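Contents: one structure, followed by commentary.
What you see is a predicted model, and the numbers here were worked out from it, not measured in a lab.
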Amino acid sequence: MSKKTSRGARSRRMIPASSEQPEDEWLPLGQLATFGLQHVLTMYGGLIAVPLIIGGAAGLSPERTAVLVTASLFIGGLATVLQSVGLPFLGSKLPLVQGVSFASVATMVAILAGPGNDLATVAGSIVAASILGFVVAPFFARIIRFFPPVVTGVVITAIGLTLVPVAANWAMGGDSESEDYGSLANIGLAFLTLAIILLLSKVGSATLSRLSILLGLVGGTVVGAFLGLTDFSGVGTGSPIAAPEFLAFGVPTFDIASIISMTIVILVIKTETAADIIAVGEIIGTPVDRRRIANGLRADMLSSAAAPLFGSFTQSAFAQNVGLVALTGVKSRFVVASSGVIMIALGLLPIFGQVISAIPMPVLGGAGVVLFGTVTGSGIRNLRSVSYDGNMNLIIVSTSLAFAMIPVVKEDFYHHFPEWFQTIFHSGISSAAIMAVLLNLLFNELTAGNSRNPSVFAAKPVRVLSPSDLRDLREGDVFVDGRFVDCDGEEVPLVPDDKLEEVRAKIECGDITDTSQVPGVLASDGDEPPAPHPAGDVGDARLSGEAGTTQEAGAVREAAHARREPRGHGTAERQD
């Protein structure tokens, strides 16, 4: 391409002459505003959910909860502008929308539940942990390998699972002391809101689907108003324009246990933001190196450290907006910067926070089922990409998630432990993160001493068959090319009738833990594994339902070979 042609293409895309990167494209002001508003609407439901959760957990009045909402909008807007426009050593200069992170919710709720703790304690833990995160940002790209999908998937799944009780409490009314707590009207309104969201998510319009949470909140609130469950008396009071209050909830106080617990969350947030930086770089086709990741993480941590001073919380990149970049193909970081400006403007208008804080709790409960369930589903999607063959990843996932659920299903489990221990482990997200990181280090990083055979809990059950006993056959088994093969393409050994009980006994007592050990056991007893039946006796059969059902041999061979093809494990997918 000639220089003249190159300059012409750059001019049509309105990319500055000093840049060749697609994220530097500048659009007309009308398009900047329109696409920027679309980004705000896409993440609006998730953005306002966190201050509403924390306001309820802290026992704030609707008026004070409104302060949290507007502060979160304002700080999220500033953080978005910093991340997308950037300053020296700050900001990835990529189209990334910043907002309050869901990852910190469970931990903040746990901190508030501690004796003598309030929002000042939460603020102190965020400030201290974020400053630490800022300092280690340049080195984080080197230790990010300690947070593989088996760890991040567990943490994201735990975030969603531990928030389900919050959604249930909202659906019941939010105040256990109220007379109508758990009433049919409250729960019915929550289900109605959920139904609206699901219906809008199903319709063919992509716009309505993306706005389903916001529209569901509006619809539920309108119905709640007719039922007398909505109070708009506080809307419109006070100044029409107001900046967020500095230290609105007091001077931050610093509690060591709370800081440790929040530091774990900060590491998770940094992992998510780093993943988003890499993902959006791949989507728009621009190089992302360690320096760019470090700059993005520093902006993330600086915003998180400043946020509590104005009534907001930890900041991170919103994954749904990364998806919106991929969906629309609009790669300009200035579009995202315009969404930050819109958020700042909304944060300066108290009436928006007052309207949002007037939404009935049951309506939030119905939306919370979807929001928190989506977080859980995103974690499960990450875990789907993890390999579980020949390793201990299944143990890591199952044990870590069990630790996450302990404080959820049994709140007094740690009540006899020291207060600092309770603060850390009373949060399901902290418990899951600690266990996932430690177990990943134990089994996947410190490999010395690992057995070649997987644990009995993780290993696939060992199976053998005798020629005259087909009771152990299972659906999907295939007899092909003289071998029995299961549905995963692994061979099932044939054992002589007189040795069957002996081999099964060794399996039960743990002497045989892997299928490959069976021939060796038979050989040590002086026996050779029996020859397979001729094809005319048994046939190449796929077994479906009852053992022995025979189909066409050619089709069976084709299916068996298809099952035995190598399966890739894929890469991790990430979502807030």
Side-chain angles (χ1 to χ4, degrees), residues 1-29 31-40 42-43 79-99 137 140-141 144-145 149 152 206 210 270-300 316-340 378 381-382 385 568-576:
M1 179 182 291
S2 66
K3 292 183 178 180
K4 183 177 180 180
T5 304
S6 177
R7 284 195 297 270
R10 185 187 298 118
S11 176
R12 285 193 299 273
R13 290 189 295 138
M14 302 185 70
I15 297 178
S18 59
S19 173
E20 291 287 346
Q21 304 304 330
E23 67 269 21
D24 292 332
E25 180 181 8
W26 185 268
L27 301 179
L29 290 179
Q31 293 185 28
L32 285 177
T34 301
F35 289 130
L37 179 61
Q38 183 175 241
H39 272 286
V40 173
T42 298
M43 49 89 74
T80 299
V81 172
L82 177 62
Q83 186 70 267
S84 55
V85 176
L87 293 172
F89 304 106
L90 293 171
S92 63
K93 297 184 179 180
L94 290 170
L96 287 171
V97 178
Q98 301 284 115
F140 191 76
I144 198 172
R145 71 184 184 90
T152 56
R210 285 194 296 269
K270 287 165 71 72
T271 303
E272 293 178 345
T273 298
D276 277 341
I277 292 173
I278 295 170
V280 80
E282 293 176 352
I283 289 171
I284 68 176
T286 196
V288 172
D289 54 18
R290 286 185 177 179
R291 177 177 297 178
R292 201 164 200 174
I293 293 175
N295 290 346
L297 293 178
R298 273 192 286 259
D300 217 30
S316 70
F318 268 50
Q320 54 263 48
N321 292 90
V322 174
L324 185 59
V325 172
L327 182 68
T328 62
V330 179
K331 305 174 181 180
S332 171
R333 60 191 174 101
F334 300 110
V335 165
V336 167
S338 70
S339 70
S378 300
R381 187 171 57 185
N382 271 15
S385 68
H569 299 304
T571 57
E573 297 178 359
R574 173 186 177 286
Q575 160 86 12
D576 251 331

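Nearest heavy-atom pair across Thr273 and Ala317 is OG1-N, 3.7 Å. Residues Pro149 and Ser385 come closest through the heavy atom pair CB-OG, 4.1 Å. What you find for Ser339 and Val97 is that their closest heavy atoms are OG-CG2, 4.0 Å. Across Ala137 and Leu297, no two heavy atoms sit closer than the pair CB-CB, 4.0 Å.
Among residues two or more places apart in sequence or in another chain, the side-chain contact (heavy atoms from CB on, under 4.5 Å) test is passed with Ser332 by Glu25, Phe334, Val335. Residues forming a side chain to side chain donor-acceptor pair (under 3.5 Å) with Ser92 (at least two apart in sequence, or on another chain): Gln83. For Arg298, the salt bridge (charged side-chain N to carboxylate O under 4.0 Å, His left out) criterion is met by no residue, not counting sequence neighbours. With sequence neighbours left out, the side-chain contact (heavy atoms from CB on, under 4.5 Å) criterion links Ala337 to Ser84, Val85.
With rounding to the nearest 0.5 Å, the separation of CG in Leu37 from CG in Leu32 is 12.5 Å. In this structure, CD1 on Ile293 lies 12.5 Å from CG on Asp300, to the nearest 0.5 angstrom. From Phe89, atom CZ reaches atom CZ of Arg291 across 8.0 Å, with rounding to the nearest 0.5 Å. Once rounded to the nearest 0.5 Å, the distance linking CG of Asp24 with NZ of Lys331 reads 12.5 Å.
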Quiz item: Passes side chain to side chain contact (heavy atoms under 4.5 Å, CB included), Gln98 versus Thr80? Steps please.
Solution: CA-CA 5 Å; Gln98 301 284 115; Thr80 299; 3.7 Å; yes
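Here the options are Val336, Thr286, Leu96, the test is side chain to side chain contact (heavy atoms under 4.5 Å, CB included), and the partner is Val280; only Leu96 passes.
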